[in-house]
Structures are given as C-alpha cells and as structure tokens.
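Predicted model, so just to flag it, every value in this text is computed and none were measured. Residue numbers begin at 1 in each chain, while the letters A, B, ... track the order of the sequences.
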Amino acid sequence: MSLIKQLWLAIVTVLLVSFVGSLLVSISTSRSYIEQEVRIKNEDNATALALSMSQLDKDPVTLELLIAAQFDTGYYRQIVLRDPQGEVLIERSAPSYEGDVPRWFRQLVHFDVPEGSATIQDGWRQFGTLTLASQHSFAYAALWRSMLELAAWFALAGLLSLLLAWVLVRGIKKPLDRVVTQARDIGARRFTTSEEPKTLELRQLAQAMNTLSADVHHMLSQEGEKLDALRRHLQHDRITGALNREAFMGRLTAALTSDDVRASGVMAMVRVSQLEKLNQQLGHNATDALLKALASRLESLGKQWHVPLVGRLNGSDFAVMAPAAESPELLAKELTTLLQTLAADTHPQPTESPSEHSERPRLLAAVMPYASDDERGTLLATLDDALAEAESSVHTSVVVRDREYHSLFHTHAEWREALDAALAKGPQLAFFPVVDATGQIVHYECPARLELEQAWQSAGVFLPWVTRLGIEPALDMAVVKKALAELALTPTRTLGLNLSIASITSARFVNELRALLEATPLAQNLCFEVPAALDAQAVASLRSLSHALRPLGCQLGIEHVGAEFTRLADLHDMGLAYLKVDSSLIRRLDASSEQQAIVRGMATLCHSLGIQVIAEGVTTEAELTAAFQAGADGATGPGVRELH
Amino acid sequence: MSVRFVSRPLDASRRRFLAGLGGVAAALALGLPTPPAQAFDPDRLRQSMQRLYGQGGLRVLEEWFALLERLRGEEISVQLREVNDFFNRRVRWVDDINNWGSEDHWATPLETMGQGQGDCEDYSIAKYVTLKQLGVPGERLRMIYVRARIGRSQITQAHMVLGYYSTPDAEPLVLDNILPSITPASQRSDLDPLFSFNSDGLWAGGSTQSRADPLARLSRWRGVIERMQSQGFT
C-alpha cells in the first residue's frame, strides 16, 4: 500500500475511532449518571413517602390520597403499596413515554434502575411496603438528542480535519513523488537532480541523491576529459588543434560511405604557401599562431549547414569538409573573405636585414563539391591540382573546381517537389544489423530510402537536401510510420531509427511522435538515435524527448560519438540505452592500442551509467574482435553486414 | 449505661439522630446482601482487628467467633438472647462524640467490639450482623428508630433498637441495650416506634453490588456496609 494511502487510512481511522470512542464514552457516562440519579430519587422518595405514611393513621383514603398526590404532582411511572403478604393495596402507574427515540437506541442504552422501596411502620408492626419507580423515558430522549448533536459536531470537525489533511497530504505527496521518481531514476542509473522539498526528511533524502548525482556528473566530466585528452593526443594536430591527417582521412572515408547527411557536401583544401619562408620571416611562434588561427577560422566554414570537419594534411595544407554545404561557390566566397582577413591580420615583423622584402603570407584554397561514393583519392588529387593552379595564378587565391556534378535535380524547387512526392509515396527502409559479441542481432539500423527519378536512392543522396529544405521532421515521421508498418509484419525485430536534431527540437514533432507511439504496443520495439553533434538546446530537447518516450518502452541512443566526450556528463541523467562510437575511432582499432584505450574508457564510462556501447563502421573481423575486446556491447558496419 | 444515656441533652441527640435519618433512608432501600452461613473471612477480620485494636480487640473477636460457633444451629430464642447479651455485656454505652470525635458515627461490628464501647445504633448493627451470620433471615430483622421515655419521667430520647419479626405482620421482639432482656414490643411502653429499615431489597437489581459504588459514601448505612466489607465481612 502506498504511503499516501496509509496516511489517509490512518487519518480516517483516527477520526472514526475518536468519534466512536467519544460517543461511547459520552453515552456510557451520561447513562450511568442518569441511572444513579434516578436510583437515588427512587430510594429517597420511597423512604420519604414511607416515613410520612408511618406517622399517619392508616386510613385507606388518606393513604390513597397521599400516594395519588405524590404520583400526580411528581414524575413517576409507578407507585405501589403492598401489605406484608405482598397483596397490592394501592397502585398508580403511567405508560412510559416513547418520544421520537428509535427503538434500537432504547435497546442499546437500556437504563436499568431498581425501584425504590421502603416499609411503612404501623406502631411496632409493619403496615406494608412501598415501591416506587420514577419516569426515566425522558432520559432516552435527552441522550438521543445529545448523541445527534455530538454526531453533527463530529461530522463538521471531521470535514474540517479531512480538509486540513488533504492539504497536508498534498503538500507531502508532490515532493514525495519527485523524490521517488528521482530514486527510481538513480536505480536505473539516470543520475537526475530534483528540487529540494520543504519536508525535512524528504529534503535530506533529495539532498543526498542530488549530491550523488552531482558527484556522478563530476566524475563523468573528469573521466570524459581524460578520454578526450587521450583522443586529442591521438587524432589531433598538436599545434593547430585540427584533426591530423590520419584521423581526417578516416572521417572522410566514413562520411563518403555513410548513409546520412555527411555523405555529400563541399570540400576545400587550404594551403599556406611557402611556409618555410614564412617561418623564417615571422618566427616559429608567429607562424604557429597563424596556423592555429587559420584552423580555428576554418572550423566555422559552412557551419550554417552542418558541423564542418577540419584536418591538417601536412605542414602547410589543411582540408575542410563541409557536409551538406549547398554550393562550392558560396563556400568559396566565404573562404575568400576568411583568407583575406586572416592575411591582413597577420603583420610581418620587421626583419633584421632590410634588404629582404617582407611579404604578407599568401593563403590559397581550392573548393569542390563531393558526393557519396566519391573516391577519396580522386577527390584529394583534384583538390591538389586546383591548388597548384591557384599557386601559379597571381590574381586568384581561391579556385573552384565545379566538376561534372551528378545531381538528380538542379534547383530548390525541383528538389522540393520531388521530395514531397517521394515522402507522400513513403520511404523504404534498409536493414543493417547490429550484433552483440555472441553474434545475436541487437537491433537493425534502418536508414531511409526514397524513390527519386524512378530509383530508390540512399539517404546520402537526398538527406542534404532534406536538411536544406527543412523537411527533416516530415521525413522522420514518415520513417517512423514505415517502421511501425514493418514491425506489424515482423514484430520480433527491434528497429533503430534516426531522428534529426531539427525533429527533436520541434515540439510539434515530439507531440505527434508520442501520440503515434502511444497508440501502439510496437513502440517498445523501436530505438531512436540522435547524432552526437548536440548543442545545449538539443540536449534539453533530447531530455524532454527521453522523458516522453521512456514510459512507452522506446530506447534512445546517440550515434557517431567520436569527440567531445565531456558531453557525456551532460547526458548522465538522460536514461540513454546505447551510444554508438563513431567509425573514426573503430577503423583499424585492432592496430592501435591508444584507440582501444579510448574505446575501453568509453565503454567503462557508459557501463557505469547503464548505457551500452556499440561500435560503428566495423569493416574487418579483426576490428570486430578488437571492438568486443575493448568492451563494446555491439557492433555494426559493412564488416558485420557481410557476416550476416 | 442507661444512666449515662438518660443524662445526655435530649434535643441535641434527637437532632443528630434525625439528621442521619435522610442518609439512612436512602441507604435503606439499598439494603445489605443476605449473607450465607459464614459470610466473613476470619483471617481478614483478625488482621483488621490486630491492625486497628491490637491484642485486646483480638480477644473479643475470638470470643465472638466462639459465640457464633456455639450458637450455630441453636433455636432462634437462644440465638437472640445470647447475641443480645454478648453485646450488652461487652460493649459500654458511650456517646459518639466521645468515642469517635464526631456526632453519629456508625461503627461496624468489628469497630464496636474493638472499641468495647458504642452508641445505640452500634449495638443494633452489631446484633443485626451477628444474627444474620447465624442464618437468621434478613427480612425478620429490622432496625427501628424509637422515641424512648426514660423511667417514669417525661424526658424522651432518640434511640434505636433491633426488632425481630417472626412473620412480616407479627409483633416484634425488641433487642435493646437500655433494657438488657428481650421483651415483646407491646410490653415496651417506654418505646415509641417511628420507622424501621433493614438491608433487604438492597442490590435487588443485582448489578450494583460494587465496592466502588460512588453512592456508598453518601449514605451512612451504606458507608457502614462498605467498611464492613473492607474489614473482612463479605
């Protein structure tokens, strides 16, 4: 029984017990008091009457008159005079008064009053015995009335105390519910915090749990930082903070082969021309500062579409991948401005030998679009070639290679129309298995396919356009509906669906999704995945999404986690089911003990929060083995697909 | 004894007597339970007597026990005579105010025997209780308030005697402490009966035989009965 119910029960019981108790005590006290009074009256009156009769002549008329006078003016039920043999000489009696007292009450109370009796003396002889009983029916009425009054008072008092109790219980119930929810969250390793209740005991409990959550958060942040430091050391260039060549290539490959928004966009290559010379002119520190500034500014390129990726390919060359960027011209323009301001900001120091002509640094760039299934090598070679062109040119510093771009449609309007039609027709789903260490399928990743130009196109083709046109919620909703339809056919499967950030931040989408899922028991066969690139707003949205979907049995996961592990600490109260480690950390995992250390650290961290870790983009069996050895709970990728 | 009795101021005595009447009358209807053959606890009586009056009292008590033992099964006339004589001989008449320090104290038989002195009602109560112990039916015994004329004078005194009624409408035999011999009432022209009571009919309802009865303390007659119970008469 719940505490609140017990509390109510206790309150009602106390009220009832005090009511019944005081009623009984009051009735029984009144009853015995009345009995005593009537008894005394009976005895005293009998004695007094007998005493006065003893003094008189024993003339029957006088005696009868005396008894009649006593009976008529007093309150008697019966007065009887008997001679010593017990024969009745004179008798006066009246019916008892019933009043409006219920019979059951009379039977319950039932006054038991002995008659008063006294002997009348006639000289030395006994003349007779007088017995006398007073009228006590009035007492029933008095008792009945006082009981009704008491009951009315108690009803009023009970009502008031119930009202008071209701306020009290409500005051306890709310914070109690919060504390219970928090305790349950912590039990499920969601380290939430809650508002501290006013009730002392609950407050202490909430404080303790909040402290625990804060400690966990702190611990996670620290561990995340350590992991991130390790990953930075492994993947990032020490001077500029950009990705190193190997890491960038890994990410590029992953993007090109991926089935999501990263699969197409614009790539750029930036070169600091004559770095050696610049180094001599500016000095090491200034050159490093320049490179660092360049790398950090490049990171803002194409941010309006998607988070860009910046890598340092060698000493002077940087590569920028701007997924979902719309046109190379736009990016080229942006890049030109960027490079010009940077060059202008860099003031060469006056050199010691004035004969040497000091120059501003020359920054060159090449831009070209990329699309899924492009060859990485070809891409880079084309960009390299374009850079060479820029280097030889005096006027232009940014060269655009708008290669023959195989695009289905050419204008926004065309894309919009085609996508609307395809969505109306409905998407198809691909099924990519995620397996655990024993080879069992955990769930299927289900990227969408849309029919465009009479062919089913993979997500890499249309997703950038879906993003640009802002119709991600519509696509995601269509995918969820399709997945539910698939589940209706094979209800044993568990399907993993991608949700875009735009979708989860849309309150309308979340409401619609919840309404859709509440209507079906298949909801518990769904997992929803959100990309790892979450800003603060997206984290808040994800939290409310998790809150909305958890009661329905849906799982929630994060995909492409490859950096910024400190963010994990913010997700500690989310109740995530799993986390997918980006393929850039999994690629050649078997060969790198540092990568293994990172994956192992992530696995440990996640397991402590009850989160499973899944390795993305596994290509070889060696990687698969290494992933499971590092503590991953599942794996997916082309290598896994081949095995199944 | 009787001399001293006569010498008392009459009006004071009467007032006192009448004052007690109301309480007695109330208690009258309550009556005493008709005791069984041996309705007392000898050991408790001995303890009470030892505690209250010491060896002197104990001696009288043992004599009383012996009396009861001797008279059990005897004829009623013998019982009446012996009991009357027992108390008339052993108890010296004294005014309550001298004996107990208060007017009209009603003593239990044990107190009367322990003190060795008592008022007229103390004699009557002691005789009443003793005769009931001997199995005399309660309804035959009545304590009677009488107006006593002393000698041939016109001086009267409030007094109490015990009457024995062989039948309810018979003329009673009078057990008195002024005149030690038992005589039929008609021969006692010096006594003028006023009112009588006994403990019959008391607790007729059967439910109020309780020592904790708050009424007991309000009535002199009931007060004696309660004290008797606490001293070992049951």
Original post:
Going from CG on A/D83 to CG on B/D169, what distance comes out if it is rounded to the nearest 0.5 angstrom?
Top reply: 8.0 Å
**OP:** Please indicate whether A/D72 has more than 12 foreign heavy atoms, meaning atoms of other residues, nucleotides or ligands, lying under 6.0 Å from its CG.
**Re:** yes
Subject >> Best-contacting candidate, B/L191, B/D192, B/T167, against chain A by heavy atom pairs under 4.5 angstrom >> reply: B/L191
Subject >> Segment of A/E35 engaging chain B (4.5 angstrom heavy-atom cut-off) >> reply: neither
Subject >> B/L194 versus A/Q55, closest heavy-atom pair with distance >> reply: CD2-OE1, 2.9 Å
Original post:
How far does OG of A/S52 sit from CZ of B/F195, to the nearest 0.5 angstrom?
Top reply: 9.0 Å
Original post:
Are there residues of residues 123-131 of chain A that reach to under 4.5 Å of chain B by heavy atoms, and which ones?
Top reply: A/G123, A/W124, A/R125, A/Q126
**OP:** Determine whether more than 12 heavy atoms belonging to other residues, nucleotides or ligands lie under 6.0 Å from atom CD of B/E75.
**Re:** no
